[in-house]
Amino acid sequence: MADAPSEPTLSVRGLTKRYGDTVALADVDLAVRGGEFVAVVGPSGCGKSTLLRVLSGLEDRFEGRAAVDGDDVREGGSDAVGMVFQEPRLLPWTDVRGNVAVGLPADVDAADPDARARIDELIRIVGLGGFAERRPAELSGGMKQRVSLARGLAYDPSVLLLDEPFSALDRLTKHEQQDHLSDACAERGTTVVLVTHDVEEAAYLADRVVVLGDQPGRVETVVDVDADRPRERTDEDLLAVRARIVEALGV
Amino acid sequence: MATAEERSRLRDVPIPAIGGVRWLLGLVVPALLVVVWHLLVTTGVFAAHQLPEPLRVVGTLYAMGVAGDLWGHVAITLQRVFFGVLLGVAVGTGLGTLTGLSGLASDLLDPLLQSLKNIPSLAWVPLFLLWFGIGEGAKVLLIAVGAFFPVYLNLSTGIGEVSEDLLEVAEVYDLGRVEALRTVVFPAALPSLLVGIRGGVGLAWMFVVAAELIAASQGIGFLLSDGRVLARPDVIVGSILLFAFLGNLSDLAVKGVQRRVVDW
């Protein structure tokens, strides 16, 4: 326990990922403490999604090290990792409830009343209370994205990766869902890596913001967000953080 | 001006009004053809010993139905198709799943099966007679061969083409092999399987004719060849119409199942 701070929950060292001749990530270092909320921002094509794919164990081949709780993501370390993809990726043949149930951990029986109650609770939290029995084809893009989010939360992983989970949501819903996510992860002590384009979102949600540079993706800057929680979106400190992120992005 | 008005009237009138009976439109052309057929025969363009008039065909079928021997023929043909399809679909589903899931099995079996599918149905008949005799088994097996290929081909490709995106979801959420098959792969391949079954049922009807034309003492295909031997064009045309009717009926049935099962 004493050495817990020295071993970060998520540890990336010298991570380089190539697709053929294209370098998607170059020598990326990143350490995320347990329960920390890290946002990753950067220009399109800077390897943000690739980073999440590596961490979630979807990429077998890369150079360097990526580990969760000390276990390489290629050797079972990714089991503790859940991911909300950029696209909803729902099963079209089953309803919202069935799709959220996909996220339930393997040892939980979806037919169990407690599991069912939890699924319905998650569906309610993402604001789809009346839609549990709808199929994806009957939902709008934003609704599908929220189903996908609920699925990720159902998995209740120790590390949750989110790839622009709020991109298809209208402003109001987006703010609501950001708060829900923040509360849910704080409550469960979930470690979060959130990829986003939205500087305001990054500053509002994260403890630290990692800014990736242009191709090949390198860590440009890390911005600490020293604002107390619960935060106000209009907090002066956050505005300053936003300015620093924007400056680092060079836009 | 008048044309524009007319056009808008045409558009307004009524697709919805006739929506309920729209499928009847598909019967208009066949009905006209029957009339033409009748006229061609009665005016002597076709001799009656080559092409009987429509009513005579109906009369022959009706008489056979009343006498009772028609039902035996229909029943045995249906039975052969049914068991042939059952067997073909079962084996096709099994092998299609195997080659769809396993690269090794696909490498071993797929080239062989792909080339076997190009053998025409009739080519199998002598071999099957030699191996399995002229009993029911030989016919059911022959029909099963026909039904097998579309099922195998569609399912194998269907499983192979399950969206990578969804497979990654299964991987990220650690569904495990069995659970991933149950929740993602099989449902995703179900539409392909049904397309295959539909094709298989269609081919089963072709193969049943091949089987019955050559080695049968009963069945609609036998009726067909008997009609030729007895120089009864009415029996021949009647048998063809029976095949058309039953083939369509079975296709509609599978289509109905398809619509119910693949409803997303």
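Letters A, B, ... are given to chains in the order of the sequence lines, protein chains preceding strands, and every chain is numbered from 1.
- Side-chain contact between A/Phe85 and B/Val169: present, with at least one pair of heavy atoms (C-beta onward) separated by less than 4.5 Å.
- No more than 12 heavy atoms of other residues, nucleotides or ligands shown are found within 6.0 angstrom of CZ on A/Arg116.
- When all heavy atoms of B/Trp264 and A/Pro92 are compared, the closest pair comes out as CB-O, 3.2 Å.
- Heavy atoms closer than 4.5 Å to chain A are found in both the backbone and the side chain of B/Glu168.
- Neither the backbone nor the side chain of B/Val262 has a heavy atom closer than 4.5 Å to any heavy atom of chain A.
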Solution key, residues 190-198 of chain B side-chain donor-acceptor pairs under 3.5 Å, sequence neighbours excluded:
{"from": "B/Arg198", "atom 1": "NE", "to": "B/Asp251", "atom 2": "OD1", "distance (Å)": "3.0"}
{"from": "B/Arg198", "atom 1": "NH1", "to": "B/Gln258", "atom 2": "OE1", "distance (Å)": "3.4"}
{"from": "B/Arg198", "atom 1": "NH2", "to": "B/Asp251", "atom 2": "OD2", "distance (Å)": "3.2"}

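- When the shell of 6.0 Å around OH of A/Tyr19 is examined, it contains more than 12 heavy atoms from other residues, nucleotides or ligands.
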task = Go through the steps for A/Tyr155 and B/Asp174 under the test side-chain contact (heavy atoms from CB on, under 4.5 Å), then give the verdict.
result = CA-CA 10 Å; A/Tyr155 193 53; B/Asp174 291 317; 2.4 Å; yes
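- Within 6.0 Å of CZ on B/Phe82 lie no more than 12 heavy atoms contributed by other residues, nucleotides or ligands.
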query = So B/Val184 and A/Leu91, side-chain contact (heavy atoms from CB on, under 4.5 Å) or not? Walk me through it.
reply = CA-CA 7 Å; B/Val184 179; A/Leu91 307 177; 4.1 Å; yes
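- Taking B/Phe207 as the reference, nothing meets the ring-ring contact (aromatic ring centres under 6.0 Å, His included) condition, with sequence neighbours excluded.
- The stretch residues 125-154 of chain A places A/Arg135, A/Ser148, A/Arg151, A/Gly152 near chain B, each with some heavy atom under 4.5 Å from a heavy atom of that chain.
- Contact of B/Ala170 with chain A is not made at all, since no heavy-atom distance falls under 4.5 Å.
- Heavy-atom distances place no part of A/Leu161 under 4.5 Å from chain B, backbone and side chain included.
- In this structure, the side chain of B/Tyr173 engages the main chain of A/Met83 through a donor-acceptor pair within 3.5 Å.
- A pairwise comparison of heavy atoms in B/Leu166 and A/Arg89 identifies CD2-O, 3.7 Å as the closest pair.
- Inspection of non-hydrogen atoms places A/Val102, A/Gly103 of residues 96-105 of chain A under 4.5 Å from chain B.
- Other residues, nucleotides and ligands contribute more than 12 heavy atoms inside 6.0 Å of the CZ atom of A/Arg65.
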